[in-house]
K.L.:
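Provided herewith is a single structure, encoded as structure tokens, for subsequent inquiry.
Nothing fancy with the numbering, it's 1 onward along the sequence. The analysis underlying the following values was restricted to heavy atoms, covering all of them including side chains, and did not include hydrogens, waters or symmetry mates.
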Amino acid sequence: MFLISYFRPPAKRPKFEENQIAELSNDVIAYILSFLPFPTTFGVAAQLSRSWSKIVRSLEFLSHIKHLSFRLCRPYNLYDKETRLNIFNMSSKCQNIEWINVRNLNFNLDELIKFLTPIASKLLHLDISESTFDDPLALIKILKLCPNLINLQAAKVRIRTKSIKTPEEIKDQQSIKAESNDATSFVHEKLQILSLHKTFIPLDSIQQVLAATPNAVEIDVWGTYMGPVAIIESLFGKRRFRSLDLTDVVVLENVAPWEKIFENSGDSLKQLSLRRGLIVPEKFKLLMDHCTELTELDLWGNSTLTSESLRVITKFRDMKFLNLADCKVNEEVSLHLLLPATNI
């Protein structure tokens with residue numbers, strides 16, 4: 001049997017006919033190529049086939065594009081003005097784009113607005129993380145430009161403040177103040193997800209963004225200065241949060257503003273992160289009393305919490321994720337009491 005199997009000729013593989021792809025219509029090829037990251041599709045198509053290169057530059061192909069990401073465009077010299085202009089002109093023809101990622105590409109505000117204007121009406125998701133702007137109203141202007149935006153990722157965004165020296169700069173500062181007054185009445189009703197993770201933004205700008213997005217119920221403010229605890233409640237308003245990231249939060253004495261936020265959220269709050277928090281055990285129990293439907297809770301690094309204060313977690317019967325790493329809790333409590341009481 002060994003010799004028979006050893007000398008048995010290998011099964012014949014089906015021959016690939018070179019004209020199989022060529023027989024496909026341009027619409028079908030355009031639909032298939034639309035799943036590749038855009039605009040890197042230009043480089044891939046140009047290397048594979050001249051006909052494909054023409055297809056990806058056609059309006060039929062551009063009509064299929066819904067996701068646009070420049071993170072994978074390292075072969076392109078995006079810091080060259082001519083290259084940027086060509087890509088911007090091509091991207092402006094993609095009228096059905098819903099998701100754009102321009103993370104860490106150092107677009108200035110004017111350039112970004114010029115790029116987004118032709119496609120802003122249908123845009124649902126926008127990632128401008130790690131960008132740097134000089135205008136304190138940059139985020140407000142972007143929200144005004146994209147009325148249907150649902151998700152805005154602005155992690156590590158930096159807004160530079162410069163000293164006023166020349167008369168022109170004084171006029172610019174006066175115009176910014178006038179625009180700031182108009183921004184107080186602006187409301188973006190459709191935004192639901194907002195990330196201000198580790199941003200370097202003036203407190204006034206943060207207040208304007210939060211005031212303009214009253215329906216944002218998934219907010220990440222980890223590492224961002226939110227001002228005194230006394231104004232936290234006014235910043236967040238009466239939102240019913242679904243997800244809230246309060247990494248590095250400090251709750252020692254004045255728990256009332258935080259308690260009001262948790263009370264407003266109630267059973268809507270599903271995901272909560274209190275990583276590396278400094279929370280008095282009694283205050284933690286007060287906050288948890290307002291949560292009834294938590295499914296994910298991250299308490300990594302909360303060295304102040306005790307095993308007794310964590311017993312309140314046993315009421316969350318639908319808990320799917322619980323992180324107690326680096327918490328000074330009794331192993332018997334965490335393993336034999338907390339885990340069997342949940343669905344983790």
K.L.:
Residues two or more places apart in sequence or in another chain: which of them pass salt bridge (Lys or Arg N to Asp or Glu O under 4.0 Å) with R275?
P.N.:
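Checked R275 against salt bridge (Lys or Arg N to Asp or Glu O under 4.0 Å); matches are D298.
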K.L.:
Taking atom CD1 of I142 and atom CG of L112, what is their separation to the nearest 0.5 Å?
P.N.:
5.0 Å
K.L.:
Any side-chain donor paired with an acceptor under 3.5 Å for N96 and E98?
P.N.:
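No, no side-chain donor-acceptor contact under 3.5 Å.
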K.L.:
So which heavy atom on L123 is nearest to which on C146, and how close?
P.N.:
CD2-SG, 3.9 Å
K.L.:
Is the closest side-chain donor-acceptor distance between S129 and R103 under 3.5 Å?
P.N.:
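A donor-acceptor contact under 3.5 Å links the two side chains.
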K.L.:
Go through it in stages, so that I can follow the logic: the residues are Q153 and L126, the test is side chain to side chain contact (heavy atoms under 4.5 Å, CB included), and I'd like the CA-CA distance, side-chain angles, deciding distance and then a yes or no.
P.N.:
CA-CA 6 Å; Q153 298 294 311; L126 177 61; over 6 Å; no
K.L.:
Hydrophobic clusters join Ile, Leu, Val, Met, Phe, Trp and Tyr when side-chain heavy atoms are under 4.5 Å apart, directly or via other members; which others share one with I150?
P.N.:
L124
K.L.:
Nearest 0.5 angstrom please: K270 NZ to C291 SG, how far?
P.N.:
11.0 Å
K.L.:
Contact between L194 and L210 at the side-chain level, heavy atoms closer than 4.5 Å - yes or no?
P.N.:
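Counting from C-beta outward, L194 and L210 do come under 4.5 Å.
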K.L.:
If you measure from CD on E296 to CG on N323, what distance do you get to the nearest 0.5 Å?
P.N.:
11.0 Å
K.L.:
Quick check: do T199 and K156 have side-chain heavy atoms less than 4.5 Å from each other?
P.N.:
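Not in contact.
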K.L.:
Tell me if a side-chain donor or acceptor on R239 pairs with a main-chain N or O of A216 at a distance below 3.5 Å.
P.N.:
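Flag set: sc R239 to bb A216 pair under 3.5 Å.
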K.L.:
Would K144 and F186 count as a cation-pi pair here, with the cationic atom under 6.0 angstrom from the ring centre and within 45° of the axis?
P.N.:
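Yes, a cation-pi geometry holds between K144 and F186.
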K.L.:
As a quick check of understanding, evaluate side chain to side chain contact (heavy atoms under 4.5 Å, CB included) for L152 and L191, giving each step before the final call.
P.N.:
CA-CA 8 Å; L152 177 60; L191 193 76; 3.9 Å; yes
K.L.:
What pair of heavy atoms forms the shortest contact from S243 to L269, and how long is it?
P.N.:
N-CD1, 4.2 Å
K.L.:
What verdict does the side chain to side chain contact (heavy atoms under 4.5 Å, CB included) test give for I313 and L322, after you've listed the backbone C-alpha separation in whole Å, the side-chain angles of each residue and the deciding distance to 0.1 Å?
P.N.:
CA-CA 9 Å; I313 299 176; L322 177 62; 4.2 Å; yes
K.L.:
Quick one: are L196 and L139 in side-chain contact, heavy atoms under 4.5 Å?
P.N.:
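In contact.
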K.L.:
How close do A120 and P147 get, heavy atom to heavy atom, and via which atoms?
P.N.:
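That would be O-CD, 4.1 Å.
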K.L.:
With sequence neighbours excluded, give me every salt bridge (charged side-chain N to carboxylate O under 4.0 Å, His left out) pair touching residues 189-206.
P.N.:
none
K.L.:
Less than 4.0 angstrom from a charged side-chain N to a carboxylate O is my criterion; do E218 and R242 meet it?
P.N.:
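Salt bridge between E218 and R242, a charged N being under 4.0 Å from a carboxylate O: yes.
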K.L.:
Could you tell me if the side chain of R276 sits less than 4.5 Å from the side chain of W300, heavy atoms only?
P.N.:
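Yes, close enough: below the 4.5 Å cut-off.
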K.L.:
To the nearest 0.5 Å, what is the distance between CG on L137 and OG on S205?
P.N.:
6.5 Å
K.L.:
Any donor-acceptor pair under 3.5 Å linking the side chain of N215 with the backbone of V217?
P.N.:
no
K.L.:
Just wondering, are more than 12 heavy atoms of other shown residues or ligands nearer than 6.0 Å to CZ in R240?
P.N.:
yes
K.L.:
Of all heavy-atom pairs between Q271 and L294, which one has the smallest distance, and what is that distance?
P.N.:
N-CD2, 4.2 Å
K.L.:
Flag yes if I193 and L246 sit in one hydrophobic cluster, no otherwise; membership is Ile, Leu, Val, Met, Phe, Trp, Tyr, and two members link when side-chain heavy atoms are under 4.5 Å apart.
P.N.:
no
K.L.:
Does any N or O in the side chain of T295 come within less than 3.5 Å of the main-chain N or O of M319, such that one atom is a donor and the other an acceptor?
P.N.:
no
K.L.:
Do the non-hydrogen side-chain atoms of L286 and W258 ever get within less than 4.5 Å of each other?
P.N.:
no
K.L.:
Do K114 side-chain atoms and L109 backbone N/O form a donor-acceptor pair below 3.5 Å?
P.N.:
no
K.L.:
Between N302 and L299 (side chain of the first, backbone of the second, donor and acceptor by atom type, cut-off under 3.5 Å), is there such a pair?
P.N.:
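Yes; at least one donor-acceptor contact below 3.5 Å.
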K.L.:
State the CZ-CZ distance between F133 and R160, to the nearest 0.5 angstrom.
P.N.:
10.5 Å
K.L.:
Do L272 and F262 come close enough that some side-chain heavy atom pair is under 4.5 Å?
P.N.:
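A side-chain contact under 4.5 Å exists here.
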K.L.:
Between the main-chain N or O of I279 and the side-chain N or O of T304, is there a donor-acceptor pair closer than 3.5 Å?
P.N.:
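Side chain of T304 to backbone of I279: a pair is present.
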K.L.:
Give a yes or no answer on whether the side chain of H125 reaches the backbone of N101 with a donor-acceptor pair at less than 3.5 Å.
P.N.:
no
K.L.:
Can I219 be reached from W222 by stepping across I, L, V, M, F, W or Y side chains whose heavy atoms are under 4.5 Å apart?
P.N.:
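Different hydrophobic clusters.
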K.L.:
Side chain to side chain contact (heavy atoms under 4.5 Å, CB included) between D289 and V312: does it pass, once the steps are laid out?
P.N.:
CA-CA 8 Å; D289 287 340; V312 69; 3.9 Å; yes
K.L.:
Taking the side chain as every heavy atom from C-beta outward, state whether L324 and L310 have any pair of such atoms under 4.5 Å apart.
P.N.:
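Yes. Closest side-chain heavy atoms under 4.5 Å.
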K.L.:
Can you find a heavy atom in the side chain of I261 that is under 4.5 Å from one in the side chain of F241?
P.N.:
yes
K.L.:
For L305 and P281, which heavy atoms make the closest approach, and how far apart are they?
P.N.:
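In terms of heavy atoms, the two residues are closest at CD2-CA, 4.2 Å.
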K.L.:
In Å, rounded to the nearest 0.5 Å, how long is the span from OG of S121 to CG of L116?
P.N.:
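So the OG of S121 and the CG of L116 are separated by 11.0 Å.
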